[in-house]
Amino acid sequence: MDEELHEQIRDVVRKIPSGRVATYGDVADLSRAPSPRLVGQVLNHDGHDVPWHRVLRANGTCAPHIAEEQLQRLAAEGVLSNDGKINLHTYRWEDAAKAKSEDDPPSLF
DNA sequence: ATGCTGACCATGT
DNA sequence: CACATGGCCAGCA
């Protein structure tokens, strides 16, 4: 069922620690989602139970409609934005980038 | 099936 | 920064 995907995505989003943010692409990758778009669609439809506000776009900005709420919630967690843009270099969820880079094929090459 | 939309991403001009 | 192009995938009329 596709519900697996929803579960995976929501699970990953829940995993994002406070004071940190992740991009849709990261969540998509960690959740095995076929594409970052799916993350957005799932959150829009069924993301009320997860800290969706910790998910930003790849360039550190948030979607227009939720921007206000997102910025407010993030600010409350210590994630400050500059002109509506978050400094990914500072606040990006390290574990996400790690998991991506942690792909360590032992005996190949 | 086709066409459009959407909380996306990257690159180029 | 704005805009255009191409790729991505699911849901709906």
Side-chain angles (χ1 to χ4, degrees):
Chain A
M1 259 266 236
D2 282 310
E3 296 227 337
E4 281 259 346
L5 193 50
H6 288 221
E7 289 291 310
Q8 292 257 32
I9 293 176
R10 298 187 354 197
D11 200 42
V12 170
V13 175
R14 263 187 222 121
K15 236 177 104 186
I16 304 174
S18 172
R20 284 275 179 289
V21 298
T23 71
Y24 290 94
D26 287 341
V27 175
D29 196 37
L30 294 174
S31 64
R32 303 277 135 192
S35 134
R37 289 193 102 109
L38 265 296
V39 179
Q41 289 192 49
V42 169
L43 289 183
N44 190 26
H45 174 77
D46 240 345
H48 49 78
D49 273 70
V50 298
W52 51 268
H53 55 266
R54 299 196 185 130
V55 185
L56 314 176
R57 294 205 238 194
N59 55 315
T61 64
C62 33
H65 29 273
I66 60 175
E68 296 277 316
E69 183 81 42
Q70 191 129 51
L71 263 19
Q72 291 242 342
R73 286 171 172 266
L74 289 177
E77 296 187 349
V79 180
L80 306 181
S81 56
N82 182 343
D83 196 39
K85 286 171 278 210
I86 309 271
N87 194 337
L88 279 183
H89 195 73
T90 302
Y91 296 112
R92 189 176 196 193
W93 183 25
E94 303 279 340
D95 266 14
K98 203 170 162 182
K100 285 168 74 157
S101 199
E102 201 261 342
D103 257 9
D104 222 299
S107 52
L108 180 74
F109 225 0

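Residue numbers begin at 1 in each chain, while the letters A, B, ... track the order of the sequences.
Put simply, CH2 on A/W52 and CG on A/N44 are 10.5 Å apart, with the number rounded to the nearest 0.5 Å. One finds the NE2 atom of A/H48 at 10.5 Å from the CG atom of A/L43 (value rounded to the nearest 0.5 Å). Between the NE2 atom in A/H53 and the CG atom in A/L71 there is a gap of 11.5 Å [rounded to 0.5 Å]. The distance from the CG atom of A/L74 to the CD1 atom of A/I86 is 5.0 Å, given to the nearest 0.5 Å.
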Go along nucleotides 8-13 of chain C 5' to 3' and tag each nucleotide: B for a protein heavy atom under 4.0 Å from its base, S when only backbone or sugar atoms are that close, - otherwise. BBB---

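Counting to the nearest Å, the P atom of B/dA7 and the CD1 atom of A/I16 are 18 Å from each other. For A/H45 and B/dA7, the NE2 to P distance is 14 Å, given to the nearest whole Å. The distance from atom CG of A/D46 to atom P of B/dA7 is 15 Å, rounded to the nearest whole Å. Rounded to whole Å, the distance from CZ on A/R10 to C1' on B/dA7 is 16 Å. Atom P of nucleotide B/dA7 and atom NE2 of A/H48 are separated by 16 Å, given to the nearest angstrom. For the pair A/L30 CG and B/dC8 C1', the computed distance is 16 Å after rounding to whole Å. What separates CG of A/D29 from P of B/dC9 is a distance of 12 Å, to the nearest Å. Distance A/I9 CD1 to B/dA7 C1': 12 Å, rounded to the nearest Å.
The salt bridge (Lys or Arg N to Asp or Glu O under 4.0 Å) pairs that include a residue from residues 78-90 of chain A are A/D83-A/K85, where partners are two or more places apart or lie in different chains.
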Give the intermediate values and the outcome of side-chain contact (heavy atoms from CB on, under 4.5 Å) for residues A/L56 and A/Q70. CA-CA 9 Å; A/L56 314 176; A/Q70 191 129 51; 3.8 Å; yes

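Nearest to the side chain of A/N44, among C/dC1, B/dA7, B/dC9, sits B/dA7.
Rounded to a whole angstrom, the distance from the P atom of C/dG7 to that of B/dA7 is 23 Å. C/dC1 and B/dA10: their P atoms are spaced 16 Å apart (whole Å).
Side-chain contact between A/E7 and A/R10: present, with at least one pair of heavy atoms (C-beta onward) separated by less than 4.5 Å.
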